[in-house]
Protein chains: 2
Amino acid sequence: MDVTEPVTLKTLAGELGLNVSTVSRVINAEPGTEAKWASPATIRRIQELAHERGYARNPHAASLRTSRSDLVGVIVPRLQDYVLATIYEGIDAAAEASGRVTVVANSLDDPARQRLRTESLLARRVDGLIFGDAHQDSPYLDELAARGVPLTLVSRRRAGHVSVTCDDIAGGRLAATHLVSTGRRRFAVIAGARYASTTLDRVGGFLAVLAEHGIGESEVDLHYTGFDAPAGQRAIADILGTDTRPEAVFAVNDFAAIGAIGALQKRGISVPDDIAVVGYNDTPIAQAVNLTTVRSPMIEMGRLGFDKLLALIDKEAVDSERLTPEFVVRSTA
Amino acid sequence: MDVTEPVTLKTLAGELGLNVSTVSRVINAEPGTEAKWASPATIRRIQELAHERGYARNPHAASLRTSRSDLVGVIVPRLQDYVLATIYEGIDAAAEASGRVTVVANSLDDPARQRLRTESLLARRVDGLIFGDAHQDSPYLDELAARGVPLTLVSRRRAGHVSVTCDDIAGGRLAATHLVSTGRRRFAVIAGARYASTTLDRVGGFLAVLAEHGIGESEVDLHYTGFDAPAGQRAIADILGTDTRPEAVFAVNDFAAIGAIGALQKRGISVPDDIAVVGYNDTPIAQAVNLTTVRSPMIEMGRLGFDKLLALIDKEAVDSERLTPEFVVRSTA
DNA sequence: ACGTATGCCGCAAACGTTTGTGTGCTGATG
DNA sequence: CATCAGCACACAAACGTTTGCGGCATACGT
């Protein structure tokens, strides 16, 4: 089975008594402009035969000729992370809409792996790259930009690059404002990794509001761990190990928050009566477990990140963007 | 910037005074067999210059010539689903190890979208496909196989196709055996979609054990919903709407289980004292919230699914495989 | 009637590989 | 000494597109 010869432009042209160039032009013309290339009758014949034979352009041949692949690479820390998976979904939706295809790879937030997978994608001749794993302390992105590789950042930002992020400073402020206004004065923060702008900005915004209420950074119990549930559990173990117990915990990630809640409940500590917990991102799990959290527009970040990359590839001028977060009060704070 | 001419075989050959064919053969020879193609001195010269100039094969040109892309397509219901994201991670790891690249797309379990995205990947000339979203009632996969497209299934199985799954019947049995042995007699099941073999097998195994203990299917409160947390919440609303309250709930998915637990707790029902809950897959969240669950080897499923696809592409004979699940007792049952 | 514009289409080169076939050479063999 | 078997490489075609450059009609303007 499947002995059918692949149908190429030559097949169609031969069958129609035309030259491949004519067929190519008609098929590739943007809708409405076919008339520039052939007579109405010919156009119909070409389109009908192409459809009947199920012609599909060979993208490798086209890419070879044009040196554009219509492929964009996406590097994320990890697709297992719901947040990044969702952002990727936004990217992919935008890509699909523009007729392009995305290729995604996990960097595990490891600079060596980030470099490895990126180079592998570049070897595949992607037209541009979207990074969801930008580190504050890594020069690799700068190096890429200097090489002339079009790239944008999502989720995390970094000076000197086009990025689409949540306004995480504002998000951190929302969390702090709520907790302060409900009377808490002693705080712990479950922060992610220091190399992520999300961590820095969310914590920064949070602390700024506390400072405005006379609570200094030294009074706040800061724990830099990770972005997943186990990290939240570990952080709680640490936090409860100190002598002063906080009245509220701000986790910069819903999963860490849920891990924290699990750890608190296991110890018989009531949420929010004993300790309030606020998460970040508003994932479905947050909704399911009634977690108070900060909603970030993940899909939108992906979409915009892709659109801006396209603009960059087309040599247009592009600015970064910070999307507005929203506070959603549920029952944990 | 980036005005550097791309370095091709011709560049290298010209610089070395050789023919492109020689350079190509040496560079593409599997390690150790270069000696077949050139003198030791020439081999060294080629390899050194290639490395120095940073030569990278143009995959489009190569694919055009060989009509193999070294690309494999992956179709999943949704990458946002941790389970599928993890399986994909296994696939991608295996692909990376074999020097291939994966392209993934979400079908949202919608047959029309599955078809659409698959055809789009085929148009990109993938060498084969891995499906994580096989439906029991859709003939599309059969049609593809008949067209001669190499494909394997992961997570879900379907008669007539090579698949790598968890032994879900055994998994369902594990859950039931535990619940029965701890004295429960009245059950509800939060099942996923009927078109998924995972649902069918897990529920089937569960019910089989109950039957062996004299509990008929008609006595069990079965709810076919979805695989996520909101589905678990909805199911609980339904389940508690009936007059007899179950002593245990088996959810065929951890996220549904967590949604269920959230819904139960909101109603002041204690888990596991009033109602026990068992999930499926053993995701990190399950561990974080102390959910009793059935562990399924997700990464391994992905790896094997890819390896088997490779074998299929190479026209080797391949058999399906069912991986053994493991019961992990925590504090919800 | 003559030049010019326009509509419709063909020619051919090029993109960078891979790979079947060929060729001159060296050294060993009968 | 003629032959022959490698060895180390070169030649050239082909994969399927895209695209600059024409060419030949027919229609149009003056």
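First the proteins, then the strands, lettered A, B, ... as listed; each starts at 1.
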NZ/NE/NH1/NH2 to OD/OE distance under 4.0 Å, A/Arg147 and A/Glu119: yes
Gap between atoms CG and C1', on B/Leu12 and C/dG16 respectively (whole Å): 12 Å
Euclidean distance, atom NE2 of residue A/His60 to atom C1' of C/dT17 [Å, nearest integer]: 13 Å
For atom CH2 of B/Trp37 and atom C1' of C/dG20, their distance in whole Å: 10 Å
Contact under 4.0 Å: A/Asn58 side-chain N or O vs D/dT17 OP1/OP2: no
N/O donor-acceptor pair, side chain B/Ser21 with base D/dC11, under 3.5 angstrom: yes
salt_bridge(A/Arg117, B/Asp92) N-O dist < 4.0 Å: yes
Proximal nucleotide (of C/dC11, C/dT17, D/dC9) relative to the B/Thr8 side chain: C/dT17
B/Asn19 side chain near D/dC11 phosphate (N/O to OP1/OP2, under 4.0 Å): yes
Interatomic distance where CD belongs to B/Glu34 and P belongs to D/dC9 [whole Å]: 14 Å
Proximity to the side chain of B/Ala61 - top-ranked nucleotide from C/dG10, C/dT17, D/dC15: C/dT17
For atom CG of A/Leu64 and atom P of D/dC15, their distance in whole Å: 14 Å
Carboxylate-amine/guanidinium contact A/Arg156 A/Asp109, below 4.0 Å: yes
Interatomic distance, B/Leu9 CG vs D/dA12 C1' [rounded to whole Å]: 15 Å
From D/dC15, C/dT19, C/dG16, nucleotide with atom closest to A/Lys10 side chain: D/dC15
Presence of B/Thr22 side-chain N/O under 4.0 Å of D/dA10 phosphate oxygens OP1/OP2: yes
Letter per nucleotide, 5' to 3', of nucleotides 21-27 of chain C [B base touched, S only sugar-phosphate touched, - untouched; heavy atoms, 4.0 Å]: B------
A/Ser98 and A/Phe306, any side-chain heavy atoms less than 4.5 Å apart: yes
Residue whose nearest DNA chain D nucleotide is more 5′ - B/Ser39 or A/Ala56: B/Ser39
Pairwise 5' ranking along DNA chain C for A/Thr42 and B/Asn28, keeping only the more 5' one: A/Thr42
A/Ile46 CD1 - C/dC8 P separation (whole Å): 12 Å
Check ion pair A/Glu143-A/Arg115 (N to O, under 4.0 angstrom): yes
Salt-bridge contact A/Arg158-A/Asp142 (side-chain N to carboxylate O under 4.0 Å): yes
B/Glu48/B/Arg53 salt bridge by N-O under 4.0 Å criterion: no
Separation of D/dT17 C1' from A/Asp70 CG (nearest whole Å): 13 Å
